Protein chains: 2
Amino acid sequence: MSSNDQGATRRRRGSEQVTLKQVAQAAGVSAITASRALNTPERVNETTRARVLDAVETLGYVPNLVAGSLASARSRFIAVIVPSLANAVFIEVIRGLQETFEARGYQILLGNTDYDLDREYQLVRTFLGWSCSALVTAGLRHNQACHTLLANWDKPIVEVMELGEALDINVGLDHLDAGRCMARHLRSRHYQEIVYVGARMSQDYRAEMRYAGHREILAEDGLDAPLIELDQLGSLEAGATGLDNVLAAYPRAEAIHFANDDLAAGALLHARRRGLAVPGDIAIAGFNGLPLGQHITPRLTTIQSPRDAMGRLAAREVLRKLDGEPGALQQHDVGFSLLQGEST
Amino acid sequence: MSSNDQGATRRRRGSEQVTLKQVAQAAGVSAITASRALNTPERVNETTRARVLDAVETLGYVPNLVAGSLASARSRFIAVIVPSLANAVFIEVIRGLQETFEARGYQILLGNTDYDLDREYQLVRTFLGWSCSALVTAGLRHNQACHTLLANWDKPIVEVMELGEALDINVGLDHLDAGRCMARHLRSRHYQEIVYVGARMSQDYRAEMRYAGHREILAEDGLDAPLIELDQLGSLEAGATGLDNVLAAYPRAEAIHFANDDLAAGALLHARRRGLAVPGDIAIAGFNGLPLGQHITPRLTTIQSPRDAMGRLAAREVLRKLDGEPGALQQHDVGFSLLQGEST
DNA sequence: TAGACATATGTTAGCGCTAACATGTTGGCG
DNA sequence: CGCCAACATGTTAGCGCTAACATATGTCTA
């Protein structure tokens, strides 16, 4: 008589949660068999499986995924990090990711950096702590700590939106070249005084790259490439302000190259309100190829980027890696195309 | 001599993860003290905490949140379930939620039902399995199993978008009344032949409720309320189609009440392309108050709903509950207002 | 008929962390 | 000076699940 009746098992919380053990007991099998019946059904006899599923139904069992993840050291989470939810572009990429991943039983874990790389690092730390199966982030730039952390992580990482030196998989397009493409188009229309307008460009370095491409082409012809930066997020409203600012600062401007379609469309609609002819008085171009631009009159000249395709492609590459299939290319250029409207 | 050298601890995986134990050892404290230093710093001596943080830094420790959640039976997840990511309305609600929750260290777990209640049930099961701290879902309708599951769940639940009989917290507006409001407006303009146009309305029952309100008002005046349903998701494109369909089916139509602004704006822009005067030839009204509608000419008459406010309010109420503050009202009517443009 | 092999299930030992309780240590007070 | 509270830290025992290693049982081959 000694270490026998140690006392009642102290229940930590109320915890009336139905556990796998109870399901197993009800089905007359061991816990591991119940686990297999739910997770790897092909490894369990059909009748056994039916009994387990029955018990699940009867008891109203909801698997504790936290426990499962801890035991197996993996979750079915995909971390997705974007700089903003206010921008339709990221929404469409997220949608592409979401469609593909949810169909395969993965959950999206969404983080928003607000264009702050330190915030990105925090999010990455948190997400790694959740044993995510993969991580998708917008852009190639990270702070030092974040870079180190990711470089030592052994699961698939996708950097989307732009191309360059990537950690793992890279899906995007060449923004420098996109900027050049539009600038060439504007030059081909013989515009000389061309102003570039961006919103919060110090944060949005992809817009900066497009501007760099734009400037490069104008420089080839010995032209200046004046820049106007708006201190607000891209929106129709901001585009209207942008137009006003350009006309005030550069009265002789013939064309405006906007960093994105929200701005361009806002300017275009505002031009009409002001009684300005587009492109007669001022030509307007954008970037992204949002539907809006193609529904207004005149249709917006812009650059079409395959955004949801980018998401889907990123997701497909991740799934391929997770399935252990031979990884194809690591870098995928999704390209872009000039969408010529009547606004230039 | 017996149960002594049980043998080497078999390492399950490669698992070179730095653990809290290692951090504790490096800092010369016990694991629980290290845990407290990170999670409840006020309960640990300042110098001890500094030593722990030092060790965290040195070793590159990333907390395993899965383990933490299992041990504490709670995660810092907020489940958010929406029927679609293609609709700007839900994006704005998500943004409101996200802003508020991320600032308080909660992560959004995003699910998309695609307007399928069975899919919603699956998502809810998954999310409960992650020990979410709260759940936010769009709408009051759930299937039986989902309702039961949620009704027995003991954490905050918010149903957003519409008002009615809710499980817990309810934040939204009265869609029936919104439909009435717009119909009254159109009647006040003396339109008689008014067609309602929706997209996939069998799925979007909030649009159906608005239609019901619309029909009610017209019936008061003894008028018919013809309905056209589009078999595609709401978009500018669909709105253009909607306009064409109305004109084909009801050549004498004077006004169109669209289920949302995407449709209405698409129709308005298309009307101009077809050379129709708005509202001279046909009046157009929408619902939502998206920025786009206020930037086109003529400005769209619509109903303004406070979408991101809805998200923020929902989040605030959840936080209040989680903080154990006395819950105020359970039901919050965020209201709406008629935004009169020149399109009617 | 031994053996090699596949199928179906069970036993054991953690995954990394934190709740609950226990203990030590200080300072203030009557 | 002894007592009690308030702080600071430690010990123990899981949280609910699954990986890894058994252990049956049947099935086919030489």
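Below, chain A is the first sequence line, B the second, and so on; all start at residue 1. If you're wondering where the values come from, they're calculated on a predicted model, not measured in any experiment.
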*Anything under 30° is parallel, anything over 60° is perpendicular, the rest tilted; go ahead and classify A/H142 against A/H147.*
tilted
*D/dG10, C/dC15, C/dG10: which one has an atom nearest the side-chain heavy atoms of A/A71?*
C/dC15
*Does the gap between the ring centers of A/F77 and B/W130 come in under 6.0 Å?*
yes
_Looking only at the side chain of A/R74 (C-beta and beyond, no hydrogens), which of the listed nucleotides D/dG10, D/dA19, C/dC17 gets closest?_
D/dA19
*Please tell me which of the listed nucleotides, D/dG10, D/dT18, D/dG16, lies nearest to the side chain of A/A31?*
D/dT18
*Does A/T126 reach the main-chain N or O of A/Q122 with its side chain, forming a donor-acceptor pair under 3.5 Å?*
yes
*For the side chain of A/Q17, starting at C-beta, report the closest nucleotide among D/dG16, C/dA20, C/dC17.*
D/dG16
*Give the rounded distance in Å between these two atoms: CD of B/E46 and P of D/dC7.*
15 Å
_Criterion side-chain hydrogen bond (donor to acceptor under 3.5 Å, both in side chains) against A/N170, the qualifying member of A/E162, A/H332, A/Q331_ = A/Q331
*Roughly, in whole Å, what's the span from CZ in B/R76 to P in C/dT18?*
12 Å
_Considering every strand and a 4.0 Å limit on heavy-atom distances, what is the contact class for A/T48: base, sugar-phosphate, or nothing?_
sugar-phosphate
*Taking OP1 and OP2 of D/dT18, is either one under 4.0 Å from a side-chain nitrogen or oxygen of A/S35?*
yes
*asked:* Using the side-chain heavy atoms of B/L20, tell me which of these nucleotides is nearest: C/dT9, C/dC17, D/dC17.
replied: C/dC17
_5′-ward residue of the pair B/V44/B/A67 relative to DNA chain D_ = B/V44
*Nucleotide C/dC17, atom P - distance to CH2 of A/W130 in whole Å*: 12 Å
*Of all the nucleotides listed (D/dT11, D/dC17, C/dT9), which has the minimum atom distance to the side chain of A/T33?*
C/dT9
*asked:* We want to know whether B/E120 and B/T137 form a side-chain donor-acceptor pair, criterion being a heavy-atom distance below 3.5 angstrom.
replied: yes
*Euclidean distance, atom CD of residue A/Q22 to atom P of D/dG16 [Å, nearest integer]*: 9 Å
*Nearest heavy-atom pair of A/P156 and A/K321: which atoms, and what distance?*
CG-CB, 3.9 Å
*To the nearest Å, how far apart are A/L65 CG and C/dC15 C1'?*
16 Å
*If you look at every strand shown and take non-hydrogen atoms under 4.0 Å, does B/V66 touch a base, only sugar-phosphate, or nothing?*
nothing
*CZ of B/R36 versus P of C/dC17: gap in Å, rounded?*
15 Å
*Rounded off to whole Å, could you give me the CG-to-P distance for the B/L70 and D/dA13 pair?*
18 Å
_Presence of B/S30 side-chain N/O under 4.0 Å of D/dG10 phosphate oxygens OP1/OP2_ = yes
*Are OP1 or OP2 of C/dT18 and a side-chain N or O of B/N39 less than 4.0 angstrom apart?*
yes
*Find the distance A/K21:NZ to C/dT11:C1' and express it as a whole number of Å.*
13 Å
*asked:* Quick check on C/dT7: is either OP1 or OP2 less than 4.0 Å from any side-chain nitrogen or oxygen of A/N45?
replied: no
